[in-house]
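Just dropping this structure here.
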Protein chains: 2
Amino acid sequence: MATGRTHRPATRSRGIPEATVARLPLYLRALTALSERSVPTVSSEELAAAAGVNSAKLRKDFSYLGSYGTRGVGYDVEYLVYQISRELGLTQDWPVVIVGIGNLGAALANYGGFASRGFRIAALIDADPAQTGKQVAGLPLRHSDELEAIVAANQVSIGVIATPAGAAQEVCDRLVAAGVTSILNFAPTVLSVPDGVDVRKVDLSIELQILAFHEQRKAGEEQPASAARPARGQRPGTDGDVPAVMPA
Amino acid sequence: MATGRTHRPATRSRGIPEATVARLPLYLRALTALSERSVPTVSSEELAAAAGVNSAKLRKDFSYLGSYGTRGVGYDVEYLVYQISRELGLTQDWPVVIVGIGNLGAALANYGGFASRGFRIAALIDADPAQTGKQVAGLPLRHSDELEAIVAANQVSIGVIATPAGAAQEVCDRLVAAGVTSILNFAPTVLSVPDGVDVRKVDLSIELQILAFHEQRKAGEEQPASAARPARGQRPGTDGDVPAVMPA
DNA sequence: CCATCTTTGTGCACACGTTCACAAAGACAT
DNA sequence: ATGTCTTTGTGAACGTGTGCACAAAGATGG
Ligand SMILES: NC(=O)c1ccc[n+]([C@@H]2O[C@H](COP(=O)([O-])OP(=O)(O)OC[C@H]3O[C@@H](n4cnc5c(N)ncnc54)[C@H](O)[C@@H]3O)[C@@H](O)[C@H]2O)c1
Ligand SMILES: NC(=O)c1ccc[n+]([C@@H]2O[C@H](COP(=O)([O-])OP(=O)(O)OC[C@H]3O[C@@H](n4cnc5c(N)ncnc54)[C@H](O)[C@@H]3O)[C@@H](O)[C@H]2O)c1
């Protein structure tokens, strides 16, 4: 997951809980799959299984949207797809710019699941003049100088940053100044933005470190009896590795 | 964020809260930057600012690791780097395999922040025989047939999946059968894994949808002056209220 | 050795998220 | 109509995470 809400304090007003919002896309994906198989209705139990969550949670999540199910039957697939799409704002088109078209930026530009929901790539922007004009994913690379003009002309409100970390804050500032109010950041930096701008981040390295933590824990827990695998982990049981020094 | 913990129920034993674990890499990154600038000590206030969190939260997080600060002074940078690294299991080397070396897989393989922490790419694996042997990021692509052998030979416990969604579950099953117990999944699918295996996921599309939700909310809130009816958070312009049909 | 000042570590209260468990809504058959 | 059966929607209990606010630890200076 990603991230930092620099937005409003709470959501108790017309509020769908943040945790619920984060799961709606998951439900939507599962429902879309059912829809493609022409399944007419689905129970909370089935859908929950498909989305990898527990059914009580799913029902509570849906209850924040309204009462869209039918007791004894379940949920109408098409109807739910529509309701969730509307709630997420996917019934409209969101123009998006991607800044920093290197290895990662190009992969993102080629990502199908991008356009499949209402997201449209308005432009691919890179600072390297040598790249300008080159085509990536069928779109021409535009130079950073044009950033402000592109954002304004297309009314872009969502920006994706895939530049090196060092350039991320500057790019962010320019995007925000030009009118972008939501940013998805792939660079490993903390971005600071004014109130009213949302930032979410994706960081491979952080995800791996979290996995490593649990991995180490698993290794350290290994049944002392059957030394299954001499995992590279720390020694088990004993937590007492008193480490190095505590300098002055 | 991302994820499904299919691991243990809770962590009440030697437990560092999950939310804290997820922030440790962030602190570590900030500390590493300070370390490179030879800053000897840092206060919770300063470090919190650098990591983008609130200082009380940071102090509480650190308190789960032990009492590593000095009142009136702050935290010793080098010492904290060591303690957090140890806690996250980064003092050891973690061999990782990436499966599915297309646009995204190649970008991940080239990612510097990979090796910079203790993660080492043990192998890049792809199913396409035409690609086998080609070099990506200085490593030769290996064919999927070798997956099991590679995992076993390198004692790989962390796998990254960057294949198309359709292949993800099968790849996951093979990784798990071969001994992998932590998976980072970039394919837009829910993976099912046995107990004891951790899965984290990264999904661009989901992140964008979450941003779109808040974006829509912001637009719908625009000082509507008078005719404001706080009905179903619709955007300003098109007031296409009242949805379609509710089928039988 | 004492006073003062800074900054940690944490008790506490509250907000948020999850799960259980069940009343009641509706479908459907008779 | 009435009864049975399925499955929703949600109250209530519990667990986890956040942030305030402050006592106490230690540095530093006289
Ligand atoms: N989140 C993740 O999982 C993940 C994975 C891999 C890489 N990354 C990060 O993504 C970023 C990009 O990685 P990459 O491998 O594609 O790097 P890259 O070097 O291949 O690409 C960076 C691109 O950004 C462009 N650029 C540089 N400064 C710019 C500016 N000011 N304005 C516009 N464009 C600019 C460069 O011309 C280049 O094309 C890096 O920060 C990297 O650390 C993140
Ligand atoms: N999470 C994100 O933000 C994000 C972004 C872009 C793409 N994606 C996803 O990542 C995945 C890869 O995207 P991509 O653009 O690199 O696609 P791609 O088609 O360029 O690459 C897929 C690669 O996987 C290989 N492959 C297919 N089946 C395989 C198997 N069974 N075993 C091993 N390798 C196999 C293919 O040969 C190909 O090289 C897709 O699922 C895509 O939806 C995710």
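Chain letters run A, B, ... following the sequence lines, proteins first and then strands; every chain starts at 1.
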**Asked** Side-chain N or O of A:Lys60 less than 4.0 angstrom from OP1 or OP2 on D:dT10?
**Response** no
**Prompt:** Heavy-atom distance under 4.5 Å between the side chains of B:Tyr75 and B:Leu34, does that happen here?
**Reply:** no
**Request:** Indicate for each nucleotide in nucleotides 24-30 of chain D, in 5' to 3' sequence, whether protein heavy atoms under 4.0 Å reach the base (B), only the sugar-phosphate (S), or nothing (-).
**Result:** BB-S---
**Message:** Whether the A:Ser205 and A:Gln209 side chains hold a donor-acceptor pair (N or O, under 3.5 Å, no angle test) is what I'd like checked.
**Reply:** yes
**Asked** Any chance the rings of B:Tyr79 and B:Tyr68 have centres within less than 6.0 Å?
**Response** yes
**Message:** For a 4.5 angstrom cut-off between non-hydrogen side-chain atoms, does A:Pro25 reach A:Arg117?
**Reply:** no
**Request:** Nearest whole angstrom, please: distance from the C1' of C:dT19 to the CG of A:Asp61.
**Result:** 12 Å
**Prompt:** Touch check for B:Ala19, heavy atoms < 4.0 angstrom, all strands: base, sugar-phosphate only, or nothing?
**Reply:** sugar-phosphate
**Message:** Taking the side chain as everything from C-beta on, heavy atoms only, tell me whether B:Arg23 gets closer than 4.5 Å to B:Thr20.
**Reply:** yes
**Message:** Do A:Val99 and A:Arg174 have side chains that approach each other closer than 4.5 Å (heavy atoms only, starting at C-beta)?
**Reply:** no
**Strand contacts (DNA chain D) in residues 28-54 of chain A, 4.0 angstrom heavy-atom criterion** = A:Ser43, A:Ser44
**Message:** Using the side-chain heavy atoms of A:Ser63, tell me which of these nucleotides is nearest: C:dT10, D:dT10, C:dT18.
**Reply:** D:dT10
**Message:** Which heavy atom of A:Gly89 sits nearest to which heavy atom of A:Trp94, and what is that distance?
**Reply:** O-NE1, 2.6 Å
**Message:** How many whole angstroms separate atom CG of B:Leu58 from atom P of C:dG9?
**Reply:** 10 Å
**Prompt:** Quick one: are B:Leu204 and B:Phe186 in side-chain contact, heavy atoms under 4.5 Å?
**Reply:** no
**Message:** Regarding A:Phe62, tell me which of base, sugar-phosphate or nothing describes its non-hydrogen contacts under 4.0 Å with the strands shown.
**Reply:** nothing
**Request:** Look at the side-chain N and O atoms of A:Tyr75 and state whether any lies under 4.0 Å from the OP1 or OP2 oxygen of D:dG9.
**Result:** yes
**Prompt:** According to a strict under-4.0 Å criterion, is A:Arg59 in side-chain N/O contact with OP1 or OP2 of C:dC20?
**Reply:** no
**Request:** Take atom CG of B:Leu65 and atom P of C:dT10, then tell me their distance rounded to the nearest Å.
**Result:** 12 Å
**Prompt:** Please give, in whole Å, the distance from C:dT8 P to B:Leu80 CG?
**Reply:** 11 Å
**Message:** Side chains of B:Leu211 and B:Glu207, heavy atoms from C-beta outward: is any pair under 4.5 Å?
**Reply:** no
**Message:** If you only use heavy atoms from C-beta on, which nucleotide in D:dG9, D:dG17, D:dG19 is closest to the side chain of B:Lys57?
**Reply:** D:dG19
